[in-house]
Trainee: 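Here it is: the structure, laid out below.
Proteins come first, then strands; the chains are lettered A, B, ... in the order of their sequence lines, and each starts at number 1.
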Amino acid sequence: MIRFAAKRLLSLILSLIAASIVIFAVIEVIPGDPASFMLGVNARADTLDALRDQMGLNDPLPLRYINWIGGMLTGDFGTSWTYKTPVADLINDRIWVSLPLAIYALLLSTLIAFPAGIIAASRRGGPADISIMGATQLGVAIPNFWFAMILVLVFAINLRWFSAGGFPGWDNPALALKSLTLPAIALALPQAAILARVMRSSLLDNLGEDYIRTARAKGLTRRQALWRHAVRNALIPVLTIIGLQFSFLLAGGIIIEQVFFLPGLGRLIFQSISARDLIVVESVVMLLVFVVIVVNFAVDLAYATVDPRLRAKS
Amino acid sequence: QTDITVAIQLEPPNLDPTGGAAQAIDSVLYSNVFEGLTRFMADGSVVPGLAASWDISEDGLTYTFTLQSGVMFHDGTTMDAEDVKFSLDRARAEDSTNAQKGLFADIADVTVIDPATIAVTLAQPNGSFLFNMAWGDAVIVAPESIETIASNPIGTGAFTFTDWVQGDRLELTRNDAYWGDAPALESATFRFISDPTAAFAAVMAEDVDAFVGFPAPENLPQFEADPRFQVLVGNTEGETILSMNNQMPPFDNVLVRQAVSLAIDRQAIIDGAMFGYGTPIGTHFAPHNPDYVDLIENSSHNPDRARELLAEAGFADGFTTTLKLPPPSYARRGGEIIAAQLREVGITAEISNLEWAQWLEDVFKAKDFGMSIVSHTEPMDIGIYANPDYYFQYDNIVFQAVMEKLNTTTDPDMRSELMAAAQTLISEDYVNGYLFQLAVPTVAKAGLNGLWLDQPTAAVDLTGVSWSE
Amino acid sequence: MSRNIALGGLLTALFTALALVSFLYTPHDIQTLDIPNKLQTPSGTNWLGTDHFGRDILSMIMMGARTSIAVAVLAVGIGICVGVPLGLLAAARRGSLLDEIIMRGNDLVFAFPSLVIAILITAIFGPSAINAIIAIGIFNIPVFARLSRGAALPIWERDFILAARVSGKSSFRISYEHILPNITNLMIVQGTIQFSLGILAEAALSYIGLGAQPPTASWGRMLADAQTLTSIAPHVALIPGLAIVLMVLGLNLLGDGLRDLLDPRIRRARA
Amino acid sequence: MTLLSITNLTLSIGETEILHDVDLSMQAGEIAAITGESGSGKSMTALSVMGLLPNRAQTTGTITLDGTDILQTPEPEMCALRGNTMGMVFQEPMTALNPVQTIGAQVAETILIHENTTKPEAHKRAAAMLQKVGLNVPPTRYPHELSGGQRQRVVIAMAIALRPKLLIADEPTTALDVTTQARILDLLRDLVREFGMGLLIITHDLAVVADIADQIIVMQKGRVVEAAQTAQLLGDMQHPYTRALFAASRHTPPIPDPYQTHTKPISGAISAKPQGLVVENVVRTYDLARKNILGPRPKFRALNDVSFHIAKGERVGLVGESGCGKSTLTRAILGLENVQGGAITLDGEPVFSANRPNLDVRRKMQVVFQDPYGSFNPRHTVARLVSEPWHLLDTPPANGAEHIARALTDVGLTASDADKYIHEFSGGQRQRIAIARALIIEPELIIFDEAVSALDVSVRAQVLDLIADLCQKRDLAYLFISHDLTVVRSVTDRVLVMKTGQIVEQGDTETVFTAPAHPYTKTLLAAAPRLPDLIEV
Ligand SMILES: Nc1ncnc2c1ncn2[C@@H]1O[C@H](COP(=O)(O)OP(=O)(O)OP(=O)(O)O)[C@@H](O)[C@H]1O
Ligand SMILES: Nc1ncnc2c1ncn2[C@@H]1O[C@H](COP(=O)(O)OP(=O)(O)OP(=O)(O)O)[C@@H](O)[C@H]1O
Ligand SMILES: [Mg+2]
Ligand SMILES: [Mg+2]
């Protein structure tokens with residue numbers, strides 16, 4: 001197990017290095033001069049150059065890469081070119097919107113998907129299965145931004161149960177959660193649909209396995225065999241999807257954060273891209289990639305805990 | 001109720017009005033947190049600010065300001081002539097990053113006479129010096145707080161800055177030590193909502209008390225019909241133009257520019273892009289300005305004539321060019337409409353939508369464009385036509401001479417005449433397609449008083465805002 | 001099962017037909033604007049009403065179908081044309097350094113948040129349908145590479161591959177002659193699914209203004225243009241939204257149906 | 001006392017009737033064996049007793065187990081019976097266990113489900129039961145850490161943990177080695193005697209049946225065609241199908257005598273180049289995963305100093321247990337993989353040279369694989385499949401269709417089969433096609449790698465006859481690999497015995513079989529079940 005973890009850790013670090021090089025290389029390609037953006041339409045050339053120097057834009061590339069990585073390792077993500085505040089502070093502010101939102105949405109999606117998938121699989125072909133599968137087809141097909149628009153229209157504008165957007169901060173947790181509810185639903189439903197489908201098909205795969213027949217021959221009821229044997233084994237692929245979804249939810253909220261004007265990471269990155277605030281883009285993308293890679297690592301470890309075969313394979 | 005939540009579209013990238021160009025900085029901080037020697041009023045007039053009064057020397061070169069007494073910065077330090085000198089010198093310094101350095105270009109010297117008096121000497125007479133000093137870029141800052149001004153603005157205004165949650169909101173509280181009349185509001189929150197749908201939802205759900213510069217004109221009739229809300233549609237200094245690259249063929253040919261101007265139907269653009277909000281213009285000048293000359297007739301819609309002109313210019317079969325559009329909806333929607341109208345006369349305009357950063361890079365700096373649409377929101381900015389390096393690259397010695405003259409003229413009648421001449425020149429040269437004066441719709445809850453109707457400068461001045469009982 | 005194919009095929013065929021017909025005929029010209037006639041509700045002349053520029057929504061939907069389908073097909077095409085050969089190569093050289101590099105490369109692409117990268121790409125190279133295709137296509141590559149490698153590996157273990165090797169065929173020839181035909185079903189099924197994801201992705205990119213540029217019609221941009229009009233003219237926002245949902249639904253049903261039809265053993269998890 | 005009685009059991013799934021009027025009865029303490037060819041309904045009968053039929057199954061008739069009418073018993077009570085009164089062991093030990101639970105927990109589950117005991121208590125009893133079935137590994141192991149035979153013991157422990165009255169075993173040893181099979185069968189027999197339970201064993205291996213069963217039940221196409229006490233049935237078979245089945249099992253193909261065939265075995269230095277296949281001191285190692293990240297990769301020797309030769313026209317058998325390296329050897333001979341030591345030559349030419357297979361040599365060799373389903377690309381026509389080895393020739397023969405037709409008729413198919421696809425053929429026909437493919441370039445040497453192991457007895461007999469027939473007609477040398485000693489004995493002149501990568505004994509087939517020299521050969525022969533010599537029918 002430790003060897004397995006160590007091996008995965010090594011590949012994690014290699015991935016991170018590769019990713020950071022790719023990110024840095026891509027970001028350097030972006031045309032557009034942050035200095036001229038910051039100073040605006042009527043800025044003069046000498047002013048621009050002064051600012052560029054001040055921002056370190058005139059340094060050679062490798063030096064800039066090393067500075068960037070070195071800074072990140074010590075928690076210094078640099079200073080935002082537009083906000084002029086430390087990027088670390090920006091990320092710290094935003095992550096407290098995006099992270100709870102992602103967790104909230106993931107919880108919702110899991111809470112919906114698990115029962116739905118299990119019911120559908122255990123009543124395969126029945127009316128419950130058919131209607132759940134129909135609902136998931138719709139869930140997958142509806143663009144989440146459109147769904148978000150409809151949610152706002154119904155629950156914020158017409159019924160006025162929720163605010164239309166924005167985030168009041170964590171001073172009042174109940175209020176904060178309330179303001180994250182509509183976005184979480186908009187994010188969660190399509191994910192829940194996908195998850196329910198994966199859960200169902202994974203369960204069906206496992207229900208068709210020989211060891212389920214063995215369990216039944218031992219005297220387990222259908223339900224016992226489902227819960228004690230199939231569900232746990234079915235969780236393995238479901239875990240991957242949950243891992244992927246978490247990363248997606250953390251970053252993929254961009255459009256949803258836009259619709260609900262939430263000050264989250266997604267909107268930060270969107271604004272930073274339009275503002276050519278490359279240092280923020282770099283850092284946030286790196287952070288997201290870091291999260292994805294670490295989540296994958298965690299999923300791998302979780303796999304190995306759930307499935308002893310993987311531990312042995314390494 | 002003594003608090004207010006005001007939404008605006010754009011978030012300031014930082015909070016230093018003397019170091020950044022973004023209008024949003026002024027929207028939030030102008031007059032609320034920072035003040036200058038003079039200031040704009042809601043009607044665009046320039047009145048005393050931190051300077052209680054001033055004397056102008058005979059030759060028009062020396063301005064001696066007497067400062068308000070008892071003015072303190074929010075950090076408790078006093079505001080005196082040294083601070084004014086610091087601010088002006090900093091703005092005009094060699095390495096200054098002030099976005100409007102030109103405002104200070106004529107200043108030759110700043111001398112502190114005593115803590116309450118300061119003299120500013122100009123290199124040449126400048127008719128708009130007091131006007132210039134009212135700009136947000138010319139506010140008075142203190143050397144003690146200048147290091148952190150971008151994130152912690154310390155000014156002299158009626159509100160102090162308390163908190164900024166980047167990407168979401170900025171909070172102000174009343175400054176109890178304010179030197180002037182105390183504002184009615186105790187606290188104010190600015191929220192930044194750029195997405196039109198979100199803006200509509202936020203107002204409808206009453207998440208915000210007012211939205212200044214509401215981005216979706218199509219929703220205004222609904223608010224007007226709703227007794228919960230009031231809608232104020234004011235003027236801005238924003239001349240929205242279809243800019244053309246005057247150095248790039250075929251736009252270097254005045255016939256082509258005229259053809260383009262005649263091919264476009266302003267009213268359709270105002271109706272289609274702005275849902276009827278906006279005043280048509282025929283030159284680069286704000287219609288509400290007393291010196292405005294109505295020159296719309298020069299470029300009234302006439303596609304047949306436009307085709308003739310094109311043929312005359314040697315483009316009987318039309319031509320293909322680019323139309324690069326920045327993000328605001330007037331540009332994006334207007335661009336689609338203009339492209340369709342130009343197609344009618346045989347011109348193919350290939351649209352590309354750009355983010356502001358890209359627009360600045362491609363269009364403004366590199367001048368790599370055929371046409372673009374943008375609103376020029378700086379007050380009284382016809383002077384840009386005198387700069388041949390300005391992005392649309394209009395180079396006319398006659399016009400430049402007129403502007404030169406205007407800058408050194410202080411006699412009001414003479415100035416009016418010169419300004420009329422300037423307006424006519426650029427109108428008849430069809431430098432750009434002049435579309436409309438941008439309207440700023442403000443949607444507010446009924447019962448809210450004192451918001452500015454017009455936008456002589458980008459500012460959401462809350463000092464006079466109050467709730468009726 | 002066949003119900004899935006029937007309904008999915010019908011919807012897909014409907015939108016494909018709309019897209020194809022739009023080359024020859026649309027009820028109205030969407031190039032010319034008729035602003036006084038804007039935001040009309042459905043009527044005899046404009047079956048689905050008009051948008052904020054007075055354009056015929058049905059014609060816009062037809063032209064939009066063309067864009068959506070073209071973008072999605074090309075993006076999936078990129079994914080297949082690059083991903084499948086990569087996957088087959090990795091499978092043919094399984095266990096080698098090359099395999100490792102290809103698979104780690106895939107993982108790396110997967111680690112990037114796709115929407116963010118798509119935004120970044122369009123931000124770098126300017127928004128356009130072509131760049132949207134590239135942005136979506138890039139993320140299709142690892143999907144097909146991984147899938148085809150995964151599907152090819154067990155086939156490599158089959159005896160008929162050994163028989164082909166005994167006949168002296170090279171691993172490239174075997175990949176092309178034996179492996180590829182045996183994974184096409186799977187690729188078709190996955191292709192349908194990626195196709196539907198491509199439609200959604202195009203809509204999302206266009207919705208934030210980074211997809212096809214005007215005057216090219218696009219469902220996502222129709223939605224974006226209409227979103228402030230939901231309370232004035234709901235049909236303007238509803239119709240493109242429904243078009244997206246129905247097209248994606250159709251493709252997914254078709255994909256599911258094909259999966260059941262072509263290979264009941266594939267019950268690959270959908271992500 | 002009658003333990004189990006099935007009367008008039010008819011079973012249909014959907015529209016198809018699968019079992020027709022099945023009658024069967026067995027006593028407590030008795031071992032009854034159901035046999036019959038694949039698809040005859042053996043498993044369905046067993047599953048009916050367990051009440052574990054597929055969802056759409058419809059049954060009529062009665063099944064009485066120890067006085068309980070199974071078909072009338074509601075599901076909850078069936079659950080109480082399963083594992084408690086009756087237990088079942090399935091064929092595939094590799095997949096029958098939940099991979100993510102320890103073996104101890106899985107055995108304990110049987111106890112916990114039915115009895116009101118504490119967990120530790122159940123685990124203690126489970127451990128004891130694992131001991132009982134002769135499994136000497138800790139109960140905390142996971143299934144993947146065990147060999148096939150060990151896993152089958154776990155499954156048995158699970159099934160008998162509560163000492164059921166009836167144990168059903170569906171092909172419990174088919175997936176196992178002969179030696180392991182013998183041990184498992186011994187175990188089952190001992191348990192039956194000890195616990196006094198009834199054992200219903202399903203197997204298509206008649207030797208096993210004859211060896212273990214008290215009563216034999218023969219099924220064909222969903223019917224019981226014959227059922228009798230073993231001695232009685234072996235002595236006097238009533239039904240022609242039964243007779244055919246036993247005849248096929250004991251079938252010896254008419255292989256011509258080696259010294260009557262066309263070529264003589266090589267005699268040392270007649271020619272400068274050695275003729276035929278020569279395998280000299282071959283070593284094949286596999287790299288295993290690193291034990292620690294920076295350490296060297298450990299090696300596994302799958303072939304260890306293997307030497308033998310096959311002369312032209314010689315028919316050599318290779319026997320050995322699963323995993324001993326037979327397939328590895330096949331791949332090495334075919335030059336599909338390089339070897340780490342030694343040399344393999346055919347007619348003096350190396351099979352693998354300069355990092356690539358030597359195609360000139362390959363032209364003289366072909367192979368027939370075990371799996372008649374997996375050896376063909378399902379998307380190609382038979383003509384294309386059969387002609388695939390022509391890829392080895394510089395120019396395919398001009399009259400290709402004729403060659404293909406001849407190859408097909410040679411193996412007993414018709415020329416018109418060339419346009420069909422592989423799914424249109426039965427398992428036996430597929431194996432004929434495989435042989436046709438091997439013959440099409442007229443190789444000197446054919447390798448049969450478990451080529452008949454997957455076939456039903458009757459089909460196997462036909463394929464063996466075909467091989468014998470081809471030997472009559474051609475100058476054919478082959479290496480016949482199988483774990484089935486009887487078959488090897490019947491078709492080879494010389495035999496090699498392989499154990500963990502080494503040839504432990506080789507010699508004349510009859511000599512090795514009658515007087516084995518190596519202890520391992522002896523064990524192997526002892527373990528192989530043999531059909532008793534019967535009165536000729
Ligand atoms: N789930 C099912 N649905 C429909 N038909 C089935 C199903 N399972 C088995 N059958 C059919 O029932 C018949 C009997 O199958 P069964 O598994 O009992 O054969 P068997 O004698 O055990 O064969 P083998 O020796 O190959 O295991 C076969 O024709 C098979 O095709
Ligand atoms: N690619 C490989 N890497 C590592 N070990 C391998 C590999 N292939 C085979 N082995 C090991 O080599 C040994 C011989 O394998 P081989 O497949 O030749 O056995 P076999 O005698 O053909 O068995 P069977 O009768 O089951 O087909 C086995 O222990 C197997 O686990
Ligand atoms: Mg202006
Ligand atoms: Mg069976």
Trainee: Taking D:Pro164, D:Pro99, D:Ala161 one by one, which has the highest count of heavy-atom pairs under 4.5 Å against chain A?
Mentor: D:Pro99
Trainee: Does a donor on one side chain and an acceptor on the other come within less than 3.5 Å for D:Gln106 and D:Gln101?
Mentor: no
Trainee: Measure distances from D:Met78 to the heavy atoms of chain A and classify the residue's part below 4.5 Å as side chain, backbone, both or neither.
Mentor: neither
Trainee: So D:Leu52 and D:Arg82, side-chain contact (heavy atoms from CB on, under 4.5 Å) or not? Walk me through it.
Mentor: CA-CA 10 Å; D:Leu52 288 176; D:Arg82 279 183 218 124; 3.7 Å; yes
Trainee: Give the member of D:Asn84, D:Val89, D:Ile113 that has the highest number of heavy-atom pairs under 4.5 Å with chain A.
Mentor: D:Ile113
Trainee: If we count only N and O atoms by modelled type, under 3.5 Å, do the side chains of D:Thr64 and D:Asp69 hold a donor and an acceptor together?
Mentor: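 No donor-acceptor contact under 3.5 Å links the two side chains.
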Trainee: Between A:Ser98 (side chain only) and A:Ile95 (backbone N and O only), is there a donor and an acceptor less than 3.5 Å apart?
Mentor: no
Trainee: For A:Arg232, is it the side chain, the backbone, both or neither that has a heavy atom under 4.5 Å from a heavy atom of chain D?
Mentor: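 The answer is the side chain of A:Arg232.
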Trainee: Who in residues 212-219 of chain A is close to chain D, using a strict under-4.5 Å heavy-atom cut-off?
Mentor: A:Arg213, A:Thr214, A:Arg216, A:Ala217, A:Lys218, A:Gly219
Trainee: With the side chain counted from C-beta on, respond yes when A:Ser109 and A:Gln245 share a heavy-atom pair under 4.5 Å apart, and no when they do not.
Mentor: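 Sidechains of A:Gln245 and A:Ser109: in contact.
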Trainee: Can you check whether A:Ala234's main-chain N or O pairs, donor with acceptor, with A:Ser202's side chain at less than 3.5 Å?
Mentor: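 Here the side-chain-to-backbone pair exists.
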Trainee: Below 4.5 Å from any heavy atom of chain A, which atoms of D:Leu97 appear? Answer side chain, backbone, both or neither.
Mentor: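 Contact with chain A: backbone only.
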Trainee: Exactly one of A:Arg124, A:Arg200, A:Arg123 should register a side chain to side chain donor-acceptor pair (under 3.5 Å) with A:Asp129. Which one does?
Mentor: A:Arg200
Trainee: Would you mind reporting whether A:Leu106 and A:Leu187 have side-chain heavy atoms less than 4.5 Å apart?
Mentor: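 With C-beta onward as the side chain, the pair stays apart.
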Trainee: Check each atom of D:Ala159 against the heavy atoms of chain A and say whether the ones under 4.5 Å are side chain, backbone, both or neither.
Mentor: neither
Trainee: Please work out whether the ring planes of A:His229 and A:Tyr211 are parallel, tilted or perpendicular, with thresholds of 30° and 60°.
Mentor: tilted
